There are 2 protein chains.
Amino acid sequence: MDGQIIRDTLTKNGLKITPQRTAVLKAIHTMGNHPDTEQIIEFIKGHHPNVAIGTIYKILDTFVAKGIINMVKTDRDKMRYDAVSDLHHHLYCSETSRIEDYYDEELNQIITNYFSEKEIPDFDIEDIKLQIKGKFLKNE
Amino acid sequence: MDGQIIRDTLTKNGLKITPQRTAVLKAIHTMGNHPDTEQIIEFIKGHHPNVAIGTIYKILDTFVAKGIINMVKTDRDKMRYDAVSDLHHHLYCSETSRIEDYYDEELNQIITNYFSEKEIPDFDIEDIKLQIKGKFLKNE
DNA sequence: ATTGCTGCAAACTCTTTGCAAGTTC
DNA sequence: GAACTTGCAAAGAGTTTGCAGCAAT
């Protein structure tokens, strides 16, 4: 994700372009693997040592509110963040706290079809994600 | 859930039967709707005023470790607990933090069939849950 | 110039821990 | 009586808040 795209993303959402915000966005996109708050803070401290932690929390909140990023959480895990992109699901390791994206267009189709026929009473569906729990057979 | 079943559940899991544990189990089953820690604590304080908060946390941890209850979490929400029962999915309100169970045997079949044919590389599936996000059209 | 953002440090909330005293089997 | 469980209070982690000063448009 290059600088121009990051700047466009901020502008499009009515946010001022600041070094702190570009750093946070870049961090999340660079790390990819659902970084938690601590990892984001560490990453940014490496590149911009004098960004305040409180500021990072505020920026993450802002991004979530604008829909620029998503929060992902499981069980005893900390908060993690996810660059918003295409519809994808999550694989959760039941032994470690590893999370991976899982893309499956065929599955999306099946689920979309299913819910276009069958409605849930008194509920208006906006988004469906699968949480697939299990074990990774190989390490990262 | 009556007292005998609660006692059996504890014994079966090698746990000693104490008033605190039966109170926590009863609380979760009575409240049903995915109570969070605070609600559980309040409930128990009402019935057994001198149970320590630390004890409740320890009991919840123990129950989760034994698989007697599950943890459920979303986004900025606190930890919530769920009596382990049949396979069910969750409806999450995108506006409030309401969570409801969603049972759909037909859907379970479709997903089970799908993954019995298609494997996820290097991943051994144990459990699949849908997180269905949207809006409730009526209040509770 | 105006509005919005950041840094800082203090405060908060939720959760965990250690250990002595008390319970359960 | 042995092993386990609880209460308590203190500490810890992660997150939020308020506000003065600074930066972006």
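Everything quoted here is computed from the prediction, not taken from an experiment. Within every chain, numbering begins at 1; the chains are lettered A, B, ... in the order of the sequence lines, protein sequences first and strands thereafter.
- More than 12 heavy atoms of other residues, nucleotides or ligands lie within 6.0 Å of CD in Q109(A), so this atom counts as buried by the packing criterion.
- Dashed line: the shortest gap from a side-chain N or O of Q20(B) to OP1 or OP2 of dG7(D) is under 4.0 Å.
- Within the 3.5 Å criterion, the main-chain N or O of Y114(A) finds no donor-acceptor partner in the side chain of E117(A).
- Near DNA chain D, defined here as any heavy-atom distance below 4.0 Å, there are no residues from residues 39-49 of chain A.
- Between D61(B) atom CG and dT15(C) atom P the separation is 10 Å, expressed in whole Å.
- Residue I59(B) places its side chain closer to dT6(D) than to any other of dT6(D), dG7(C), dC5(C).
- Rounded to whole Å, the distance from CD1 on I56(B) to C1' on dT5(D) is 14 Å.
- Under 4.0 angstrom from either OP1 or OP2 of dT15(D) there lies at least one side-chain N or O belonging to T37(A).
- We find that CD1 of I53(A) is positioned 16 Å from C1' of dC12(C), with the value rounded to whole Å.
- Taking for each of L15(B) and G54(A) the nucleotide of DNA chain D with the nearest heavy atom, the 5'-most of the two is the partner of L15(B).
- Across dC5(C), dT15(D), dT6(D), the shortest atom-to-atom separation from the side chain of R21(A) is found for dC5(C).
- Note: F115(A) and Y102(B) have tilted aromatic rings, judged against thresholds of 30 and 60 degrees for the angle between ring planes.
- At least one side-chain nitrogen or oxygen of Y57(A) sits closer than 4.0 Å to the OP1 or OP2 atom of dT15(D).
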**OP:** Between protein and nucleotides 18-24 of chain D, map the contacts as a letter string: B base, S sugar-phosphate only, - none, heavy atoms under 4.0 Å, written 5' to 3'.
**Re:** BB----B
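- In this structure, the side chain of K45(A) engages the main chain of V51(A) through a donor-acceptor pair within 3.5 Å.
- Not a single donor-acceptor pair under 3.5 Å links the side chain of R7(A) to the backbone N or O of I17(A).
- No side-chain donor from either of H88(B) and N108(B) sits under 3.5 Å from a side-chain acceptor of the other.
- Rounded to an integer number of Å, the gap from K12(A) NZ to dT25(D) P is 16 Å.
- Note: CG (N13(A)) to C1' (dC5(C)) measures 16 Å, nearest angstrom.
- Counted by atom type alone, D8(B) and Q4(B) present one or more donor-acceptor pairs between their side chains at under 3.5 Å.
- Taking 4.5 Å as the limit, every side-chain heavy atom of L10(A) sits out of range of all side-chain heavy atoms of T18(A).
- Remark: side-chain polar atoms of D104(A) are paired, donor with acceptor, to backbone N or O of E106(A) under 3.5 angstrom.
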